[in-house]
Amino acid sequence: MKKRENLSPETVILHNPYPQPDTYNSLSMPMYNTVAFEFETAEQMESAFVGRSAEHAYSRITNPTVQNFENRVKVLTGGIDVVAFNSGMAAICNTIITVAYSGSNIVTSPHLFGNTFSFLNSTLKDFGVETRFCDLNSEEEVRKNIDENTCAVFLEIITNPQLEVVDLKKLSAVCVDKGVPLIADTTIVPFTVFTAKEFGINIEIVSSTKYISGGATSIGGLSIDYGTFDWSRSVKLLPVAKAFGNNSFTFKMRKEIHRNLGSYMTPQTAYMQSLGLETLQIRFEKAVSNTNKVVNGVKDLKGIVSVNYTGLPDNEFYDISRAQFGDTPGAMFTFDLESREACFKFLNNLKLVKRSTNLFDNKTLAIHPASTIYGTFDEPTQIKMNVRQTTIRISVGLENADDILADFKQALEAV
Ligand SMILES: *Cc1c(COP(=O)(O)O)cnc(C)c1O
């Protein structure tokens with residue numbers, strides 16, 4: 001792949017070449033919607049299967065369309081490898097399973113996306129992997145929880161829906177000191193503006209369902225390895241670290257975990273998400289500028305008790321958010337109303353904004369997290385996770401900001 005220095009992300013996104021020549025000189029890469037690939041000889045087949053050559057053999061393992069999508073993300077992020085999955089959750093499972101083992105533990109915050117919490121707290125627990133929940137902004141607590149069996153520190157860069165931000169430079173310094181990889185779910189701020197590597201994140205995970213898919217076209221996930229961790233310090237990867245060094249995670253993920261778990265992205269999804277990638281930055285900029293207008297407009301509306309967005313100067317995470325995400329801390333915010341009943345009435349009164357889960361659709365979406373995403377969690381767990389009955393979560397879309405505000409205003413007046 002040609003190096004493209006001095007070009008900005010929105011240009012790089014559009015001008016990444018695919019392998020040529022193409023029989024028809026197709027300007028964009030065609031979709032290779034096939035299960036298997038044919039070989040000229042038995043010898044070539046053997047080479048591909050044992051990994052001596054890089055030909056495609058079977059689309060659960062690699063596929064040209066998916067690989068093209070992965071390569072475009074690689075060029076944008078500077079990762080040494082990117083693996084695309086058929087959901088953000090699959091990217092999280094595959095990444096964690098690559099480093100975790102029975103008897104190991106993961107240090108994280110209880111403020112997590114619902115399924116991630118459940119995956120760590122229930123699914124992995126049954127396989128003997130412990131999750132230690134603590135305040136990741138407390139260096140003392142993090143140090144106390146890490147021991148020789150800690151296989152990862154995991155976090156979300158802006159937690160959903162609490163909107164908490166961890167000081168990544170401080171946390172990653174502790175991880176470096178303790179020899180533990182830092183794995184981050186960066187879904188809320190795309191890699192066109194947030195550079196995970198600069199903040200010491202070793203493995204970045206993205207639900208590409210959200211901003212990247214280009215308007216809720218498809219479910220997908222990405223695991224991006226920056227090649228910055230010394231895997232000889234990992235109990236699980238030590239046996240491969242001698243041979244593969246900083247590539248050990250990628251090796252283990254590619255050659256074992258991802259093909260065994262079988263959750264690779266499909267060519268159709270990779271095609272749609274490649275198109276989504278091309279407009280990611282311009283859509284994000286519009287969504288964030290809308291968010292700023294809506295957040296500032298909503299503050300003064302009748303019935304609003306508080307507004308939570310890390311881009312607001314009075315937010316407790318404003319300074320750290322600015323240091324890490326500049327003036328673009330994503331297009332998700334929350335507000336609190338008087339009661340759960342007020343939240344339900346507000347949602348029922350909306351005329352334009354959609355009552356829906358998901359984030360970063362082109363349309364604005366509203367949801368009451370406590371009764372939906374966290375609806376099956378008991379009250380003590382909801383309290384531990386800081387999910388309140390009075391909170392509405394908004395994902396701001398690409399409509400005219402005044403139209404979004406007008407809908408909120410009429411819905412609140414009717415409460
Ligand atoms: C949506 C989301 C996920 C899960 O992604 P899916 O593509 O729905 O599996 C994980 N983390 C965050 C922060 C999310 O918003």
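Treat the numbers as computed from the prediction; the structure is a model and nothing was measured.
For the residue pair His258 and Arg60, the shortest heavy atom distance occurs at CE1-O, 3.3 Å. The nearest pair of heavy atoms linking Val66 to Ala84 is CG1-CB, 3.8 Å. Lys236 and Lys252 get closest at one heavy-atom pair: CE-CE, 4.0 Å. Ile158 and Pro329 get closest at one heavy-atom pair: CD1-O, 3.6 Å. Taking all atoms of both residues into account, the shortest heavy-atom contact from Ala411 to Leu350 is CB-CD2, 3.8 Å.
Between Phe119 and Phe113, the ring center distance fails the sub-6.0 Å criterion. If you look at Phe133 and Phe117, their ring centroids are closer than 6.0 Å. Aromatic ring centres of Phe346 and Phe408: separated by under 6.0 Å. Aromatic ring centroids of Phe37 and Tyr32 lie 6.0 Å or more apart.
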Exercise for review: Take Asn160 and Arg393, measure what side-chain hydrogen bond (donor to acceptor under 3.5 Å, both in side chains) needs, and give me the verdict at the end.
Suggested key: CA-CA 9 Å; Asn160 167 11; Arg393 186 187 81 184; 2.8 Å; yes
Exercise for review: Verify side-chain hydrogen bond (donor to acceptor under 3.5 Å, both in side chains) between Ser213 and Gln273, making sure each step is shown before the conclusion.
Suggested key: CA-CA 5 Å; Ser213 76; Gln273 300 207 351; 4.9 Å; no
**Study point:** Full working for side-chain hydrogen bond (donor to acceptor under 3.5 Å, both in side chains) between Thr364 and Glu399
**Key:** CA-CA 7 Å; Thr364 299; Glu399 302 95 339; 2.6 Å; yes
Exercise for review: Begin with the C-alpha distance, continue with both residues' side-chain angles, and end with the deciding distance and a verdict on side-chain hydrogen bond (donor to acceptor under 3.5 Å, both in side chains) for Asp147 and Asn105.
Suggested key: CA-CA 8 Å; Asp147 64 21; Asn105 64 75; 3.0 Å; yes
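Side-chain polar atoms of Thr187 and Asp185 form a donor-acceptor pair below 3.5 angstrom. A donor-acceptor pair shorter than 3.5 Å cannot be found between the side chains of Gln162 and His111. No donor-acceptor contact under 3.5 angstrom links the side chains of Ser263 and Asn86, judged on distance only. For the 3.5 Å distance criterion, the side chains of Thr266 and Thr269 qualify, holding a donor opposite an acceptor. For the residue pair Asn121/Thr131, the side-chain donor-acceptor check at 3.5 Å is not satisfied. Counted by atom type alone, Asn149 and Ser104 present zero donor-acceptor pairs between their side chains at under 3.5 Å.
Ion pairing between Asp314 and Lys299 fails under the 4.0 Å rule for side-chain N and carboxylate O. With salt bridges taken as basic N to acidic carboxylate O contacts below 4.0 Å, one links Glu130 and Arg132. Remark: Glu46 engages Arg52 in a salt bridge, criterion side-chain N to carboxylate O under 4.0 Å. Salt bridge absent: Glu198 and Lys169 never bring a charged side-chain N and a carboxylate O closer than 4.0 Å. Salt-bridge formation is not detected for the pair Glu204/Lys74: no Lys NZ or Arg NE/NH1/NH2 atom is positioned less than 4.0 Å from an Asp or Glu carboxylate oxygen.
Here the options are Glu141, Glu140, Glu139, the test is side-chain hydrogen bond (donor to acceptor under 3.5 Å, both in side chains), and the partner is Arg143; only Glu139 passes. Of the candidates Arg283, Glu278, Glu285, Glu285 is the only one forming a side-chain hydrogen bond (donor to acceptor under 3.5 Å, both in side chains) with Gln281. Tested against Ser321 for a side-chain hydrogen bond (donor to acceptor under 3.5 Å, both in side chains), the candidates Thr310, Thr328, Asn315 yield a single pass: Thr310.
Surrounding NZ of Lys286 are more than 12 heavy atoms belonging to other residues, nucleotides or ligands, all under 6.0 Å away. Within 6.0 Å of the OH atom in Tyr271, the count of heavy atoms belonging to other residues, nucleotides or ligands does not exceed 12. Around the CD atom of Gln44, the shell of radius 6.0 Å holds more than 12 heavy atoms that belong to other residues, nucleotides or ligands. In the displayed structure, Gln20 atom CD is contacted under 6.0 Å by more than 12 heavy atoms of other residues, nucleotides or ligands.
Note: Phe251 and Phe244 have parallel aromatic rings, judged against thresholds of 30 and 60 degrees for the angle between ring planes.
Between the side chain of Ser395 and the backbone N or O of Leu365 there is no donor-acceptor pair closer than 3.5 Å. Although no hydrogens or angles enter the test, the distance criterion places a donor-acceptor pair under 3.5 Å between the side chain of Gln382 and the main chain of Tyr374.
Under a cutoff of 6.0 Å and an axis angle of 45°, Lys255 and Phe49 do not form a cation-pi pair.
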